[in-house]
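Single-structure report; data block below.
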Amino acid sequence: MAFTVELGPVDREKHKAFERQISRDFYLSFKFAQGHSPIQPFIYRVLGNYYRSQPDYDPTYIRENSIELMDKLMRFTLPKSHVTKSSKGGDFNPKTSSDGSAFMSESGKFIEALNVEKDPHADIDLDIETITRGLIRRDRVYQANERGYQAADPHASYFRQYVLLREPTGSAAYDHIFARSLDLLAVDRYKDIHSTLPIAEVVSWLAPEWETNHPGESFLPADSSHPV
């Protein structure tokens, strides 16, 4: 016989706060993926790990309400400021009729990442470095192209803003991710796994491109302690 457990007021408020948090963080994943969806699974995995480290994390609630949580994500409209141009020049908006299936797919992947059991052997730092490298690559795309939807800075560098300058993202989870990203820059121990160039070298290409679009400004902060 099916039965329901009546939540007390404290639990209800806790779950509502969690739903607000995951909704905000899900939509921010489109912003920081910058129109490049392959980077989003790495974001989801790191977010899931972050949530599991929080004292109020409730895996039972997530597991038993996965469908409802996904449905709630689908009810909202993706903020227009998160609509960005892809490297092919077209606008990527997962809520349009042509890309609606992509939005549904991403919301499912996000909830799935929240449901995964914590793996003590998971190398979250590797995922964070992957996100960092993706951030830099997409920043370079937007030096040659303009961001969509009347962006305040059509050639902004999210790597510069949120990793080097530590500007607040509006989410404690993303602030944590980018703070860790900054820590990892000095080590860059995953370059052999990525079979690619050191991050510092890739940034050395982004910096002059960004400065061309921002005359009179320096890409690197004045603080010489930054590892790039």
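Model, not experiment: these values are computed from the prediction.
- Shown here for Ala173 and Asp25, the closest heavy-atom pair between the two residues is CB-OD2, 3.6 Å.
- Put simply, CD on Glu167 and CD on Gln161 are 4.5 Å apart, with the number rounded to the nearest 0.5 Å.
- Under the salt bridge (charged side-chain N to carboxylate O under 4.0 Å, His left out) criterion, Glu19 pairs with Lys72, sequence neighbours left out.
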Practice task
Please test Phe159 against Arg138 for side-chain contact (heavy atoms from CB on, under 4.5 Å), starting from the C-alpha separation and ending with a verdict.
Solution key: CA-CA 9 Å; Phe159 172 76; Arg138 295 303 288 178; over 6 Å; no
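- Taking CD from Glu129 and CG from Leu135, the interatomic distance works out to 12.5 Å, rounded to the nearest 0.5 Å.
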Exercise for the section: Might you work through the side-chain contact (heavy atoms from CB on, under 4.5 Å) test for Arg166 and Leu182, ending with a clear yes or no? Expected result: CA-CA 9 Å; Arg166 298 291 303 277; Leu182 184 60; 4.0 Å; yes
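- Met70 CE to Ile111 CD1: the interatomic distance, rounded to the nearest 0.5 Å, is 8.0 Å.
- No side-chain heavy atom of Ile43 sits under 4.5 Å from any side-chain heavy atom of Asp127.
- Residues Ile177 and Thr169 fail the side-chain proximity criterion, which asks for heavy atoms closer than 4.5 Å.
- Within the 4.5 Å cutoff, the side chain of Phe219 has heavy atoms near those of the Val203 side chain.
- Closest non-hydrogen pair, Asp139 versus Ser157, comes out as OD2-OG, 2.8 Å.
- Put simply, the side chain of Tyr44 reaches to within 4.5 Å of the side chain of Glu106, judged on heavy atoms.
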Handout entry: Test side-chain contact (heavy atoms from CB on, under 4.5 Å) applied to Val202 and Leu206, step by step
Key = CA-CA 7 Å; Val202 182; Leu206 170 61; 6.0 Å; no
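- With a 4.5 Å cut-off on side-chain heavy atoms, Tyr51 and Leu114 count as touching.
- Inter-residue side-chain proximity for Gln143 and Thr212 is flagged as unmet; no heavy-atom pair is nearer than 4.5 Å.
- Taking the six-membered ring wherever Trp is involved, the centroid distance between the rings of Phe110 and Phe26 falls below 6.0 Å.
- A donor-acceptor pair under 3.5 Å links the side-chain atoms of Asn145 to the main chain of Val141, judged by distance alone.
- Ring geometry, Trp210 versus His214: the interplanar angle falls under 30°, so the pair is classed parallel (tilted spans 30 to 60°).
- Between Phe42 and Thr132, every side-chain heavy-atom pair lies at or beyond the 4.5 Å cut-off.
- Under the salt bridge (charged side-chain N to carboxylate O under 4.0 Å, His left out) criterion, Asp183 pairs with Arg180, sequence neighbours left out.
- Taking OG of Ser181 as the start and CZ of Arg133 as the end, the distance is 10.5 Å to the nearest 0.5 Å.
- The minimum heavy-atom distance between Glu209 and Arg140, with the atom names listed, is OE2-NH2, 2.6 Å.
- Glu217 CD to Arg160 CZ: the interatomic distance, rounded to the nearest 0.5 Å, is 6.0 Å.
- Aromatic ring centres of Phe32 and Phe178 lie closer together than 6.0 Å.
- Shortest non-hydrogen contact noted between Asp175 and Gly170 is OD1-N, 4.5 Å.
- Atom-to-atom distance recorded for Ile131:CD1 and Gln40:CD is 10.5 Å, nearest 0.5 angstrom.
- When ring centroids are compared, Tyr162 and Tyr174 stay outside the 6.0 Å threshold.
- No side-chain heavy atom of Ile124 sits under 4.5 Å from any side-chain heavy atom of Tyr50.
- Between the side chain of Asn65 and the main chain of Glu68, no donor-acceptor pair closer than 3.5 Å is present.
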Exercise for the section: Could you walk me through whether Ile22 and Leu47 pass side-chain contact (heavy atoms from CB on, under 4.5 Å), step by step? Expected result: CA-CA 9 Å; Ile22 66 171; Leu47 287 174; over 6 Å; no
